[in-house]
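First comes the structure, then the notes that go with it.
As the structure is a computational prediction, the values presented were derived from the model and not from experiment.
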Amino acid sequence: MSDVRSELTASVFKIEVAVGDQVEEGQPLLLLESMKMEIPVVAPRTGVVKEILPSEGDVVEEGAIVARLSD
């Protein structure tokens with residue numbers, strides 16, 4: 001299981017994947033919005049989305065776990 005973390009404090013603008021989706025390394029999982037800029041959070045490796053923790057509109061802190069991937 002791999003944790004995917006936010007690189008900055010921002011609002012969750014859009015969730016791009018759903019639990020159970022197969023994702024490839026580098027694929028956007030969700031978009032964060034900070035100071036009118038959209039920042040993608042990408043999959044660090046190929047895997048299956050096991051959990052998405054925030055909802056759209058939530059504010060996540062830098063370093064917070066936003067998703068979990070498994071093989």
Side-chain angles (χ1 to χ4, degrees):
M1 187 91 58
S2 294
D3 292 339
V4 182
R5 296 180 182 272
S6 174
E7 294 181 10
L8 70 160
T9 299
S11 297
V12 178
F13 179 68
K14 184 175 182 186
I15 297 173
E16 300 277 345
V17 296
V19 172
D21 285 358
Q22 175 74 36
V23 294
E24 299 296 322
E25 182 177 343
Q27 179 178 340
L29 303 175
L30 49 94
L31 290 175
L32 299 178
E33 189 274 327
S34 180
M35 300 187 324
K36 302 200 184 331
M37 293 179 59
E38 294 178 13
I39 301 101
V41 176
V42 300
R45 64 177 184 82
T46 299
V48 176
V49 178
K50 287 297 179 188
E51 191 174 8
I52 300 171
L53 288 94
S55 298
E56 289 182 4
D58 287 354
V59 174
V60 294
E61 298 294 323
E62 181 178 350
I65 298 170
V66 294
R68 290 194 167 102
L69 303 178
S70 70
D71 294 332

Original post:
Would Thr46 and Gln22 satisfy side chain to side chain contact (heavy atoms under 4.5 Å, CB included), going step by step from the backbone distance to the final call?
Top reply: CA-CA 8 Å; Thr46 299; Gln22 175 74 36; 3.3 Å; yes
At what distance, to the nearest 0.5 angstrom, does [atom1] of [X] lie from [atom2] of [Y]?
{"X": "Leu53", "Y": "Ile65", "atom1": "CG", "atom2": "CD1", "result": "7.0 Å"}
{"X": "Glu25", "Y": "Arg45", "atom1": "CD", "atom2": "CZ", "result": "10.0 Å"}
{"X": "Asp71", "Y": "Ser2", "atom1": "CG", "atom2": "OG", "result": "7.0 Å"}

Closest contact, heavy atoms only, [X] versus [Y]:
{"X": "Glu51", "Y": "Val19", "answer": "CA-CG2, 4.2 Å"}
{"X": "Val42", "Y": "Val4", "answer": "O-CG1, 4.0 Å"}
{"X": "Val23", "Y": "Gln27", "answer": "CA-OE1, 3.3 Å"}

Original post:
Is the shortest heavy-atom distance from the side chain of Val12 to the side chain of Leu32 under 4.5 Å?
Top reply: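 Yes; the side chains approach each other to less than 4.5 Å.
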Original post:
Does some side-chain heavy atom of Leu69 sit less than 4.5 Å from a side-chain heavy atom of Pro44?
Top reply: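 SC-SC contact between Pro44 and Leu69 confirmed.
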Original post:
With no hydrogens and no angle check, is any side-chain donor or acceptor of Ser70 less than 3.5 Å from a backbone partner on Met1?
Top reply: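 A pair under 3.5 Å: no.
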Subject >> Verdict with supporting geometry, Ile52 and Glu16, side chain to side chain contact (heavy atoms under 4.5 Å, CB included) >> reply: CA-CA 10 Å; Ile52 300 171; Glu16 300 277 345; over 6 Å; no
**OP:** Could you walk me through whether Glu56 and Leu30 pass side chain to side chain contact (heavy atoms under 4.5 Å, CB included), step by step?
**Re:** CA-CA 9 Å; Glu56 289 182 4; Leu30 49 94; over 6 Å; no
**OP:** Please determine which of Val66, Val60, Leu31, Leu8 meets the side chain to side chain contact (heavy atoms under 4.5 Å, CB included) test together with Val41.
**Re:**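 Output: one option passes, namely Val66.
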**OP:** Using the test side-chain contact (heavy atoms from CB on, under 4.5 Å), find all partners of Met35 that sit at least two apart in sequence or belong to another chain.
**Re:**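 Partners of Met35 by the side-chain contact (heavy atoms from CB on, under 4.5 Å) criterion come out as none, since no residue qualifies.
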Original post:
With sequence neighbours excluded, what pairs up with Ser55 under the side-chain contact (heavy atoms from CB on, under 4.5 Å) test?
Top reply: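 Asp58.
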Original post:
Same cluster for Ile39 and Ile15 if Ile/Leu/Val/Met/Phe/Trp/Tyr side chains link at under 4.5 Å?
Top reply: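 Looking at the clustering, Ile15 is in the same group as Ile39.
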